[in-house]
Structures are given as C-alpha cells and as structure tokens.
Participant: 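Okay, here's the structure, questions in a sec.
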Number of protein chains: 2
Amino acid sequence: MTFGQFIRDRRERLRETDRRFSVRQVAQRICVEPAYLSKIEREEVAPPSEEKIRALAQELGEDVDVLLAMAGKVSSDLLAIIRKRPTLFADLIRQLKSSPDHAILRVVRKVRDGDW
Amino acid sequence: MTFGQFIRDRRERLRETDRRFSVRQVAQRICVEPAYLSKIEREEVAPPSEEKIRALAQELGEDVDVLLAMAGKVSSDLLAIIRKRPTLFADLIRQLKSSPDHAILRVVRKVRDGDW
DNA sequence: TTTAGTGTGTAGTATATAGTACACATGACA
DNA sequence: TGTCATGTGTACTATATACTACACACTAAA
C-alpha cells in the first residue's frame, strides 16, 4: 500500500464513525488546503513534508516512522543521530541489513535493559 | 571543521606532492565545473549531491559516510535499509543515541560474528 | 615572452519541493 | 428549496537544490 492510499483508507475508516474526519476538516487541523490533502490521497502530488506527515500521524493515530517510510523519508531526529557518529551507525545498520527482525529486537531490548 | 574547509584541506594536502590535485583537475575527474568546486570549498554554495560527494571521497581517499555527514546528509543505502523496517530501526537508533561508542561497536561485532 | 594552467567572480538555468487560492459540481439535511 | 459542507479540477507561486558557462586576473614554466 502506498502513502496516499494508506492515508485515504485510514481517514475514511475513521470517518465512518466521526464526521470530523472529512478531507476538509482534517486538512484544516493539519494546516493545509483541502485540495492539497485530496491530491496527496489520490497521489496526484508527492507526499507532503515531514512536518505535515507528523501532524497526519497524530491526527489518524498512526506511527510516524511508518508513515514517513511510506513517504520515502526517514525521521530527521534519526538522521541527526546517525550524522553525529556516521561510521559507527553506518557499520551497524549495514550489518543489520540482512538480520532477521528478532535479532534486531533482541539488540534493542539488551541495550534498553542495559544487561551487557 | 565544515565540509568545504575539510575538502579544501585534504585536496591541498594531496596537492603538495601531486599536481593532479588542483581545483580544475579534481573538478574534471568528479565531473563538475572548476568554479563550482571552488565555491563548494569556500562554502559560497551548499555541499553538492550525494553522487558528487561519493566521487570526492573516492578521489581524496576519505570515508564516504563521514563526508556525507559533514554535508548534513546520510547515505541513501542506509535510508533504504531503515525505510524497509522503520519501527525496528527507529527504536534501535533512538535506543543507541546515548550509548557510548564502545557499546555500539560491541553490537556491530556481535552481529558480524553471529555469536549470540 | 608567450603559453598553459590556476583559482574565482558573475550570471544564469533546470528541476524538485511544498505548497496556496479559487472555483465548481455534487450531495445531505432542515 | 435553499444552504451548507464535501471532494476535486485548474492555475499559480515561492523557495531550494544542484548545478553550467564564460570571463577574468594571476602565476609558473618553456
């Protein structure tokens, strides 16, 4: 599923039980023109900026990192972390490229719990 | 040290022993106009595209990820890896944000050697 | 003393990014 | 039966990105 399709799907799903989720009203809450949101959903234009994607994620109750990924982007806070120690993170990420999810999750948990 | 300064420094250092490292000749080898490389080094313009930064890194014998980081960028191959599993990598990277280098290095080695 | 190479100033361009503004037809509803 | 809200078509716009093209003054070597 692409970004626009996904947004439309989620918004319409919410709309079934809440009239506040019309294109117009959502557009107003995330501070864009209704026509623009409409075009985003129909993929007549590229996905919006990170800022607007964050607002959309908030509004629709979806994960920001997932929405950004669908939009072909990576959260700017992650980029900043990587840029501070480029070789370290580059090595790590390339290393984990072909690791299964459960291996990465284990690393996340180990680091979080500090049991090294 | 900023990107432009760094490039100028490394190029001039190489130039001391090799006349092939003039602005003009390096520019030609990385396929840009000499005036443009000159401006990049003096930071009259923003750093160039990832492609040109890669060529520069190759040319000057420097690390691509470090040069990209200095230019405020992150390698597109890393972005692609993150985008494929956004929440997993987002959690991991945020988790490691405040971990010391040696802890991250240990993870890299553990994953590489597969000794889990 | 020509000539070949050097760095840089000025001016301009093509394409992408991230939208706005307004008008219009349609549908709901009071 | 008017009016209010809805989604969308069309036409722009401003700013950023990523450069090119040419000219000029200076320097070093032949």
Side-chain angles (χ1 to χ4, degrees), chain A residues 2-57 59-60 64 67-76 79, chain B residues 2-57 59-60 64 67-68 70-76 79 83:
Chain A
T2 59
F3 180 81
Q5 284 168 17
F6 187 80
I7 296 298
R8 167 138 300 188
D9 183 81
R10 298 302 139 142
R11 187 185 54 72
E12 290 193 331
R13 202 161 293 192
L14 288 165
R15 182 145 196 234
E16 285 168 15
T17 58
D18 190 340
R19 282 168 31 267
R20 291 172 56 258
F21 287 91
S22 66
V23 167
R24 271 167 196 271
Q25 294 198 39
V26 171
Q28 187 172 37
R29 288 199 296 279
I30 67 166
C31 302
V32 297
E33 289 292 312
Y36 184 45
L37 179 54
S38 172
K39 274 178 282 197
I40 289 168
E41 289 189 349
R42 287 171 298 121
E43 277 156 20
E44 205 187 290
V45 298
S49 63
E50 178 169 343
E51 187 197 338
K52 304 302 179 188
I53 292 175
R54 284 186 182 283
L56 265 175
E59 196 57 43
L60 304 177
V64 179
L67 283 196
L68 286 170
M70 288 184 131
K73 301 177 197 267
V74 171
S75 179
S76 52
L79 300 183
Chain B
T2 60
F3 180 80
Q5 284 168 16
F6 187 80
I7 296 298
R8 168 137 300 187
D9 183 81
R10 299 302 140 140
R11 188 185 54 72
E12 290 193 331
R13 203 162 292 192
L14 288 165
R15 183 147 195 232
E16 284 167 17
T17 59
D18 190 341
R19 282 167 31 265
R20 293 172 54 260
F21 287 91
S22 67
V23 167
R24 271 167 196 272
Q25 294 197 40
V26 171
Q28 187 172 37
R29 290 199 295 280
I30 67 166
C31 303
V32 298
E33 290 293 311
Y36 183 45
L37 178 55
S38 172
K39 275 177 283 198
I40 288 167
E41 289 188 349
R42 288 171 295 122
E43 277 155 20
E44 206 187 289
V45 299
S49 64
E50 177 168 344
E51 189 198 337
K52 302 304 178 186
I53 292 175
R54 285 187 182 282
L56 266 175
E59 196 57 44
L60 304 177
V64 179
L67 283 196
L68 285 171
M70 289 184 130
K73 300 175 198 269
V74 170
S75 178
S76 53
L79 299 183
R83 281 200 307 265

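Note that these values count all heavy atoms, side chains included, but never hydrogens, waters or copies made by symmetry. Below, chain A is the first sequence line, B the second, and so on; all start at residue 1.
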Participant: So is A:R10 actually on top of A:F21's ring, under 6.0 Å and inside 45° of the axis?
Facilitator: no
Participant: Measure from NZ on A:K52 to P on C:dT17 and round the result to the nearest Å.
Facilitator: 18 Å
Participant: Check the distance between C:dA18's P and A:I30's CD1 and give it to me in whole angstrom.
Facilitator: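 It is 14 Å, rounded to the nearest whole Å.
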Participant: When you list every nucleotide of DNA chain D with an atom under 4.0 Å from a heavy atom of chain B, which one comes first 5' to 3', and which comes last?
Facilitator: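 The contact span of chain B on DNA chain D goes from D:dA18 to D:dC22.
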Participant: Would you mind reading off the distance between B:R29 atom CZ and C:dT6 atom C1', rounded to a whole angstrom?
Facilitator: 14 Å
Participant: Rounded to whole angstrom units, what separation is found between the CZ atom of B:R20 and the P atom of C:dT6?
Facilitator: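 My rounded result for the distance is 12 Å.
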Participant: Would you mind classifying the nucleic acid contact of A:V45 as base, sugar-phosphate or nothing, using non-hydrogen atoms under 4.0 angstrom?
Facilitator: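 If one applies the 4.0 Å heavy-atom cut-off, A:V45 turns out to touch nothing in the nucleic acid.
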Participant: Does A:E50 reach the main-chain N or O of A:S76 with its side chain, forming a donor-acceptor pair under 3.5 Å?
Facilitator: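 Side chain of A:E50 to backbone of A:S76: a pair is present.
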Participant: Starting from P on C:dG5, measure out to CD on B:Q28 and report it in whole angstrom.
Facilitator: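 Roughly 11 Å, once rounded to whole Å.
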Participant: Can you tell me if A:Q5 has over 12 outside heavy atoms packed within less than 6.0 Å of its CD?
Facilitator: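 Count over threshold, so yes.
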Participant: Using whole Å, what does the distance between atom P of nucleotide C:dA4 and atom CZ of B:R19 come to?
Facilitator: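 Interatomic distance, CZ of B:R19 to P of C:dA4: 15 Å.
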Participant: Tell me the closest heavy-atom pair linking B:P48 and B:I53, and the distance in Å.
Facilitator: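 Closest approach of B:P48 to B:I53, heavy atoms only: O-CD1, 3.5 Å.
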Participant: Is it true that atom CD of A:E43 has more than 12 heavy atoms of other residues, nucleotides or ligands lying nearer than 6.0 Å?
Facilitator: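 Yes, because the 6.0 Å sphere around CD of A:E43 holds more than 12 heavy atoms from other groups.
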Participant: Under the salt bridge (Lys or Arg N to Asp or Glu O under 4.0 Å) definition, can you give me all pairs with a residue in residues 32-41 of chain B, not counting sequence neighbours?
Facilitator: B:R8-B:E41, B:R11-B:E41
Participant: Got more than 12 heavy atoms from elsewhere within 6.0 Å of CD, B:Q28?
Facilitator: no
Participant: I want to check one thing: is the phosphate of C:dA18, taken as OP1 and OP2, less than 4.0 Å away from some side-chain N or O of A:S49?
Facilitator: no
Participant: Anything under 3.5 Å between a protein N or O and an N or O of nucleotides 8-11 of chain C, put it in a table, one pair a line.
Facilitator:
| unit_1 | atom_1 | unit_2 | atom_2 | d |
| --- | --- | --- | --- | --- |
| C:dT8 | OP1 | B:R8 | NH1 | 3.4 |
| C:dT8 | OP2 | B:R8 | NH2 | 2.8 |
| C:dT8 | OP2 | B:S38 | OG | 2.7 |
| C:dT8 | O5' | B:S38 | OG | 3.4 |
| C:dG9 | OP2 | B:R42 | NH1 | 2.5 |
| C:dG9 | OP2 | B:R42 | NH2 | 3.4 |
| C:dG9 | OP2 | B:E44 | OE1 | 3.2 |
| C:dT10 | O4 | B:K39 | NZ | 2.9 |
| C:dA11 | N6 | B:K39 | NZ | 3.4 |

Participant: Using whole Å, report how far CD of B:E33 lies from C1' of C:dT6.
Facilitator: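 These atoms are roughly 15 Å apart.
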Participant: Over all heavy atoms of both residues, which pair between A:L37 and A:A27 is shortest? Give the atoms and the distance, please.
Facilitator: CD2-N, 3.7 Å
Participant: Minimum heavy-atom separation for A:L60 to A:I7, with atom names?
Facilitator: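 Closest pair (atom of A:L60, atom of A:I7, distance): CD1-CD1, 4.0 Å.
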Participant: Using heavy atoms to find the nearest nucleotide of DNA chain D for B:A46 and B:V32 separately, return the residue whose nucleotide is more 5′.
Facilitator: B:A46
